[in-house]
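Take a look at the structure below.
Here the structure is a predicted model, which means the values were calculated and not measured. No hydrogens, no waters, no symmetry mates; every other heavy atom, side chains included, goes into these values.
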Amino acid sequence: MFDYPREGEGYVLLGRMEGGVPGYLSYSAREGEVICLFESVLEAEQFYIRWRAGIPGEGWGAVRLEIGELMKVLLNFDLVSVNPRPDPGVTEYLYTAEDFVRGLRQSG
């Protein structure tokens, strides 16, 4: 089971403004749209540095959302990848967004 952050902590996303709407790093998989979450700003920045050539657009930065706001964002996605692996071919465990949000609620 995944360890959820304690009260006052949260996850980090790579985000940018798309017009007047915030956008977050995600990708499409056969099972649906996957949002990428990171446990720290450092992990998010390292991921971005490694993959910036393959990430479209500019203006990306690490964004830490409060748990309540994060839950709202997650409901717009199908799956969650925590600390996505930057190496091609490495297996990732994907959580359903609904299960992840349920776990966040129970941990708070």
Problem set entry | Member of L25, N83, V12 meeting the side-chain contact (heavy atoms from CB on, under 4.5 Å) criterion with F47 |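 Filter result, single survivor: L25.
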hydrophobic_cluster_shared for [Y] and [X], side chain cutoff 4.5 Å:
| X | Y | answer |
| --- | --- | --- |
| L65 | V80 | yes |
| L94 | L14 | no |
| W51 | Y48 | yes |
| V82 | F77 | yes |

Which atoms form the tightest heavy-atom contact between [X] and [Y], and what is the distance?
| X | Y | value |
| --- | --- | --- |
| R102 | D99 | NH1-OD1, 2.6 Å |
| G32 | D78 | CA-OD2, 3.3 Å |
| L70 | L37 | CD1-CD2, 3.9 Å |
| E31 | L79 | CB-CD1, 3.6 Å |
| R16 | E58 | CD-O, 3.3 Å |

Quick check: do [X] and [Y] have side-chain heavy atoms less than 4.5 Å from each other?
| X | Y | answer |
| --- | --- | --- |
| V41 | R64 | yes |
| Y27 | S81 | yes |
| C36 | Y24 | no |

For this session: May I have the step-by-step check of side-chain contact (heavy atoms from CB on, under 4.5 Å) for Y95 and L74, ending in yes or no?
Result: CA-CA 11 Å; Y95 302 88; L74 293 179; over 6 Å; no
Problem set entry | E33 CD: over 12 foreign heavy atoms closer than 6.0 Å |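 Yes, because the 6.0 Å sphere around CD of E33 holds more than 12 heavy atoms from other groups.
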Problem set entry | Centroid separation Y11 to F100 less than 6.0 Å |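 Ring-ring flag for Y11/F100: true, centres closer than 6.0 Å.
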